[in-house]
Amino acid sequence: MIETTTMGTTTKDSTKGDDHEAHSKWTTGLCGCREDFKNCLITCFCPCITFGRNAEIIDKNVISCGCSGLVLFALSYVGVPCLYSFPYRRKLRAQYSLPAEPCSDFWVHCCCLHCALCQEYRELKNRGLDPSLGWEANAEKMYKGGAMAPPAVPQDMPR
């Protein structure tokens with residue numbers, strides 16, 4: 001934040017390097033798996049299920065739970081599932097203005113994939129979404145609750 005004072009008037013100018021103040025906080029820690037033990041067990045034995053559920057919600061049904069889970073499963077055999085999963089953490093952080101903690105998204109997913117997937121799942125749940133229900137059920141719940149209005153479609157568009 002840069003403050004400039006000219007003739008008794010103070011102006012505050014935000015710089016790109018100082019956007020840390022705008023971040024909200026994660027609702028749970030990276031290692032808070034005890035808060036949702038059922039999801040922790042699912043993620044421990046089959047992380048592709050949790051990832052697929054998260055990805056479907058984060059991408060707003062652009063890719064299905066099954067497809068994204070299968071891609072992660074296939075990349076696990078090559079040893080690089082984090083190359084596919086870390087961009088979803090980045091998208092989630094962007095949607096909710098979350099900080100990159102404890103380190104960059106790539107390293108969190110490379111070093112702690114299971115913990116990262118559980119944290120992202122809990123974050124979505126704590127923000128009113130339930131990844132286990134899928135996008136359709138969550139979108140319906142949001143529309144009914146007024147949290148998200150459907151896009152307005154003009155009836156007669158001029159040519």
One should read off an interatomic distance between Leu41 CG and Cys46 SG, to the nearest 0.5 angstrom, of 12.5 Å
Besides Leu30, the hydrophobic cluster formed by Ile, Leu, Val, Met, Phe, Trp and Tyr side chains linked at under 4.5 Å, directly or via other members, contains Val108
Rounded to the nearest 0.5 Å, the CD atom of Glu101 sits from the CZ atom of Arg93 at a distance of 9.5 Å
Taken in chain and number order and not counting sequence neighbours, the residues that satisfy side-chain contact (heavy atoms from CB on, under 4.5 Å) with Asp59 are Val62, Ile63, Tyr88, Lys91
Would you confirm whether Asn61, through its side chain, and Trp135, through its main-chain N or O, come within 3.5 Å as a donor-acceptor pair? no
(request) Using a 4.5 Å cut-off on heavy atoms from C-beta on, say whether the side chain of Lys60 contacts that of Gln95. (result) yes
**Item:** Stepwise side chain to side chain contact (heavy atoms under 4.5 Å, CB included) test for Thr43 and Phe51
**Value:** CA-CA 8 Å; Thr43 306; Phe51 175 74; over 6 Å; no
All heavy atoms of Ser85 vs all of His109, minimum pair found to be OG-ND1, 2.7 Å
Start with the C-alpha distance between Ser24 and Leu98, add both sets of side-chain angles, then the distance that settles side chain to side chain contact (heavy atoms under 4.5 Å, CB included), and finish with yes or no.
CA-CA 5 Å; Ser24 61; Leu98 298 167; 3.6 Å; yes
query = Is it true that Trp26 and Ile58 fall in one hydrophobic cluster, defined by side-chain heavy atoms closer than 4.5 Å?
reply = yes
For Pro131 and Asn138 the tightest heavy-atom approach is N-ND2, 4.3 Å
*asked:* One pair to check against side chain to side chain contact (heavy atoms under 4.5 Å, CB included): Asp130 and Tyr121. What are the steps and the verdict?
replied: CA-CA 8 Å; Asp130 188 354; Tyr121 185 92; 3.8 Å; yes
Arg89 meets the salt bridge (Lys or Arg N to Asp or Glu O under 4.0 Å) criterion, sequence neighbours left out, with Asp105, Glu120
side-chain contact (heavy atoms from CB on, under 4.5 Å) filter on Thr28, not counting sequence neighbours, yields Glu35, Gln119, Arg122, Asn126
- [ ] May I ask you to check if Arg127 and Tyr96 form a cation-pi contact, with NZ or CZ under 6.0 angstrom from the six-membered ring centre and within 45° of the axis?
- [x] yes
Heavy-atom closest pair (Tyr84 atom, Pro87 atom, distance to 0.1 Å) is O-CD, 3.4 Å
Please table the atom pairs, donor to acceptor, closer than 3.5 Å between any side-chain atom in residues 67-81 and protein atoms at least two apart or in another chain.
{"residue": "Ser68", "atom": "OG", "partner": "Ser64", "partner atom": "O", "Å": "3.0"}
{"residue": "Ser68", "atom": "OG", "partner": "Cys65", "partner atom": "O", "Å": "3.2"}
{"residue": "Ser76", "atom": "OG", "partner": "Leu72", "partner atom": "O", "Å": "2.8"}

Residues passing the side-chain contact (heavy atoms from CB on, under 4.5 Å) test with Cys44, sequence neighbours excluded, are none
### Task
List the steps, then state whether side chain to side chain contact (heavy atoms under 4.5 Å, CB included) holds for Arg53 with Leu117.
CA-CA 10 Å; Arg53 290 173 172 177; Leu117 293 176; over 6 Å; no
Worksheet item: Can any side-chain N or O of Lys141 pair as donor or acceptor with the backbone N or O of Gly128 at less than 3.5 Å?
Response: yes
In this structure, CG of Leu129 is separated from CD of Glu56 (nearest 0.5 Å) by 11.5 Å
Rounded to the nearest 0.5 Å, the CD1 atom of Ile49 sits from the OG atom of Ser132 at a distance of 11.5 Å
